[in-house]
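Just so we're on the same page: letters track the sequence lines, and every chain starts at 1. Predicted, not measured: the structure shown is a model, and the values here were computed from it.
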Amino acid sequence: MSAAFRTASGGRIDRSKQLAFTFDGVRMIGHPGDTLASALTANGVRLLARSFKYHRPRGLVAAGSEEPNALVTVIRDDGRTTPNLAATTVELYDGLVAVSQNRWPSLKWDVGALNDLFSPIFVSGFYYKTFMWPRSFWQKVYEPRIRAAAGFGEAPKAADPDRYANRFAHCDVLVIGVGPAGLAAARAAADAGARVILCDENPELGGSLLADPSAVIDGEPGAAWAASIAADLAARETVTLLTRTTAFGWYQDNMVGLLERVTDHLADPPDHLPRERLWQVRAKRVVIAAGALERPLVFPENDRPGIMLADAARTFLARHGVAAGSRAVVFTATDSAYAAAIEAKAAGVSVALVADLRREASPAAEAARAAGIRVDLATTIEATSGGLSVESVRLARVAANGSIAPGETIACDLVLHSAGFTPTVHLFSQSRGKLRFDADRGVFLPGEPHEDATSAGACNGAETLAACLAAGHAAGAAAARAATGGEVAERAYAAEGLAIEIGGHFGEVPHGRDASRVKCFVDLQHDVTAKDIRLATREGFRSIEHVKRFTTTGMATDQGKASNMNALAVAAATMGLDVPQVGLTTFRRPYTPVSFGAFAGVNRGGLFDPIRRTPSHDAAAARGAPFEDVGLWKRAWWFPRDGEDRHAAVARECRTVRETVGVFDASTLGKIEVVGPDAAEFLNRMYVNPFLKLGVGRCRYGILCRDDGFVYDDGVIGRIAEDRFHVTTTTGGAPRVLMMMEDYLQTEWPELDVWLTSTTEQWAVVAIQGPEAREVIAPLVAGVDLSTAAFPHMSVADCRILGLPGRLFRVSFTGELGYELNVPADYGAALWDALLARAEALGGCAYGTETMHVLRAEKGYIIVGQDTDGTLTPADAGLARAVGKSKPDFVGKAGMARPDLTGPHRKEIVGLLPDDPKCVLDEGAQITAEANPAKGAHALGHVTSAYWSANVGRGIALAMVEGGRSRMGTKLHVPMPTGPIAVTVVDPVFWDKEGKRLDG
Amino acid sequence: MLLITCPYCGPRPEIEFAARGEAHVARAAPDADGEAVAASLYVRSNPRGVIAERWRHVAGCGRFFDALRHTVTDKFVATYRVGEPRPDLAAPAGAGEGTR
């Protein structure tokens, strides 16, 4: 049993095995070696898609990844559907299920095809010009409906069940594209001793050699030669050979991204393999051997199924043993399409004629005539007809003066066309290499490279097989020499094969139709016609970048691989300019679409972002504490007891800390150990506070500014020994503070003998705050006299805690008697449990970050980054007393002395009390002098912190206010949508102004 | 991704480094006037051409170093240790635009 359009023999398929597959539910048979495109063609299926905008019936245009039309969805199971795959790149496997896209109810009867009838009004910019009113309708009504009508496949809804791998690799020479030039380059580089990676997007190596039956290299058929060279390379340890691998993107300094499709071609992918593998290859040298793509002719109604590129038909025939039709018309502007005609005829396809746009008969034309094929010179196609497939074409003769005479109508089911070939310069251009315009051939070729890369073969303008092989060998040898110094002997390949024409015909062909009405498609994937591009130039768009955006030509998933040069030519011709004057659109990554899965790799779910948990995390979770994200940390927010809501829990915790005692996990504080003979001098220069005279065993609240004089971080700094300090930072600030310290140490004061070590993760820290704090910790701490006389507020000591080497601070962020106990991080959970058990026995409780925030605000303690915003000096923050003014220098000393950083206009941190004691202000709310300020009135500042204070019995707030401290006792206003709120400016200390409670 | 040559570790990928702004900008003296302080804090050369920059091999050796980079081509021309003078580039390749 053989499919209708399968040739009797030939092709690189295994005819002994059958693969069953379905397309839109219809079961068909193909063979190993088929793509979905070739198998469908073999079965006579030509209608594969509906077009993006007009829903016109579409079939195959190309045989490779540049295919614009035949996008399908492949379904493996519920979780594995992949939309928008070019059928030409989908390898057939047994049981493959594919469906068409962008049609309803079916591919043959598509309601959306009505759009085609109204196409005269669907010109470029139509949607934006038409659906303008009412304004609010665009987002809610028009855009969703337009998007539903125009479009590609549907994204899968379930999470992707597949695995994606990521690999880094280095090599001397990376060869991109494994046609004749790439094979010769890789062979030369490997022979010279270089480590080589070579990659090709196809499953089989050989590129154009696989599709050219006339190719002979050193006496061997081209495909067989490719196979033997590939086998030789694959056997070498220094060579990595990657098939089904697309070099999709060039990043800087010869970093090239490769996407390897590992299992998509398998009927039953084994579990141990990832679906795709992303390679990040850093190559000393790169040889780009990307080849050339055939360019379509732009003629009226050139989009019907059955109208395809001549080279694609050759590929289907030579590689897959498939004839693309039964009666062909070949339409060409170059010689190479004659080979398609001759090969098709040899395979049993009736070739009605070759219509050649050129006026002179070339040797190829004579050869075709000798083979019995009719050749009409100076002939164009000016119309095609057909329903779901092409049925006939109408010829026209182009006179020497350019006039057009209508000609006969030829029945056919296949039109093969070729305008010439365009070098594939995408990667070269991505690498920031400059393209140069070859005016003789009308193409852009690689010019001055930006990276250590060479283009070789057809992508560099070579047209013959011999030239490609010679260029490949030279490029491979040169790359190896540059990368490793290795040498390889000259090698001359004896090669014959079909030559292609780089260049050819550009833009719309001559025809006698009404150019303002007829559809000559330039970009098939986005339904852009030559008249759309002319309209864009009429509307004033001059740069191709603007024409592209207005018409969307070249902006579909194929990025205009087949269409860009034609679009450029149409635009240039309309404006009467040369192509280089119109410019070339930028080539962007990726060359072909790359799945999000490949980019994400393993970085999804729990591995998407690191999560940092405190030692008390599990204990807090067991008590039902919600967690607050602070940077990467999860911090317990509050610890609800039976039935308590947030408000009740926080109020209870706040009261308990002040009445008895509370336990708080402070492990997230950043910690830096500053050690060395000059440690005190270093801190004295880094922090605004003086540190030289700080005694061993004593602590100081330190403020860190940047050199601009603005507060950057704060924290308690304890002197452990003459040459050792324990510096704490804000929870989020540790990395940047360490970075800043290293910066000054290494670059400003390299003479200082100091070492900095991050110890954030080494210490677990539990804070005990409240009148009973000493009672809680006393039995657990050894080696330190806890009496206030011996160990007053702001003391630090190394001691034993739970029998472990620990570090005890007497510090307070609540205004109560307080300690912070540091133990090695592994014992943090044990310390938490022990302290909490003691505290609860005394009537205390655990408290979370929300309670911590309220308690510190009651005392007017600021949080850097919440109450400051990077524009406040220590004086603005009410901390002028901390600044060591007599120090000769410190970071920020000159900066904070700038004239503009002092004076009555500065914003200062103050307290606010709403007149209504029950009111809790909104953080971030603006503050004004007037209750009902005029629109645009100047705000005096904003609320930075606002809480309900159970201890004070009212709402309290901290705020940044212009000249704030001079406004004590005055009334200001917080305008809100519900009306202005009157507030009084007060001292920011709401609780225990005298600070008596610090000693319990 | 740029390949940056750490003067201590050799060539490493860009993700291991942190850029820290222009190099050879003197920190203002503690008694400098406002104009001088503002200049040292905020005024940068912003050349079209080669710029000297401070970089740190933060995910490697942790050392700060200086580098010459071309702002148009984004190519590193040289890297050198802190305290060493800016290398004299008589005629750097591709630096035709010149510095300010």
If you take all heavy atoms of [X] and [Y], which pair is closest and at what distance?
{"X": "Gly34(B)", "Y": "Pro899(A)", "result": "CA-CD, 4.1 Å"}
{"X": "Leu41(B)", "Y": "Asp708(A)", "result": "CD1-CA, 3.6 Å"}
{"X": "Pro30(B)", "Y": "Lys893(A)", "result": "CB-CD, 3.9 Å"}
{"X": "Val37(B)", "Y": "Gly895(A)", "result": "CG1-CA, 3.8 Å"}

Under 4.5 Å from any heavy atom of chain A, what part of [X] do you find: side chain, backbone, both or neither?
{"X": "Tyr42(B)", "answer": "side chain"}
{"X": "Arg54(B)", "answer": "side chain"}
{"X": "Ala29(B)", "answer": "backbone"}

Just so I understand: if I count every heavy-atom pair under 4.5 Å between each of [options] and chain B, which residue has the most?
{"options": "Asn254(A), Asp743(A), Leu901(A), Asp900(A)", "answer": "Asp743(A)"}
{"options": "Phe890(A), Trp250(A), Tyr251(A)", "answer": "Tyr251(A)"}
{"options": "Arg282(A), Met255(A), Lys887(A)", "answer": "Arg282(A)"}

Could you tell me whether Arg898(A) and Glu35(B) make a salt bridge, using a distance below 4.0 angstrom between a side-chain N and a carboxylate O?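 Salt bridge absent between Arg898(A) and Glu35(B).
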In this structure, are over 12 heavy atoms from other groups packed under 6.0 Å from Lys434(A) atom NZ?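 Open: at most 12 neighbouring heavy atoms sit under 6.0 Å from NZ of Lys434(A).
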Could you check Tyr744(A) against Arg27(B) for side chain to side chain contact (heavy atoms under 4.5 Å, CB included), going step by step and ending with a plain yes or no? CA-CA 11 Å; Tyr744(A) 280 84; Arg27(B) 200 172 154 252; 3.8 Å; yes
Sort Pro750(A) into side chain, backbone, both or neither according to what part of it lies under 4.5 angstrom from a heavy atom of chain B. neither
Applying a strict 4.5 Å limit to non-hydrogen atoms, the region of Glu448(A) in contact with chain B is neither
Please round to the nearest 0.5 Å and tell me the distance separating atom CZ of Arg20(B) and atom OG1 of Thr747(A). 9.0 Å
Step by step, work out the side chain to side chain contact (heavy atoms under 4.5 Å, CB included) result for Arg56(B) and Glu742(A). CA-CA 10 Å; Arg56(B) 185 183 182 205; Glu742(A) 282 285 356; 3.5 Å; yes
Could you check Asp253(A) against Met1(B) for side chain to side chain contact (heavy atoms under 4.5 Å, CB included), going step by step and ending with a plain yes or no? CA-CA 6 Å; Asp253(A) 286 345; Met1(B) 188 191 299; over 6 Å; no
Which one of Val58(B), Asp66(B), Asp74(B) has the most heavy-atom pairs closer than 4.5 Å to chain A?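 Most heavy-atom pairs under 4.5 Å with chain A: Asp74(B).
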Check whether any side-chain heavy atom of [X] lies under 4.5 Å from a side-chain heavy atom of [Y], and answer yes or no.
{"X": "Phe64(B)", "Y": "Met739(A)", "answer": "yes"}
{"X": "Leu3(B)", "Y": "Gln252(A)", "answer": "no"}
{"X": "Lys75(B)", "Y": "Glu451(A)", "answer": "yes"}

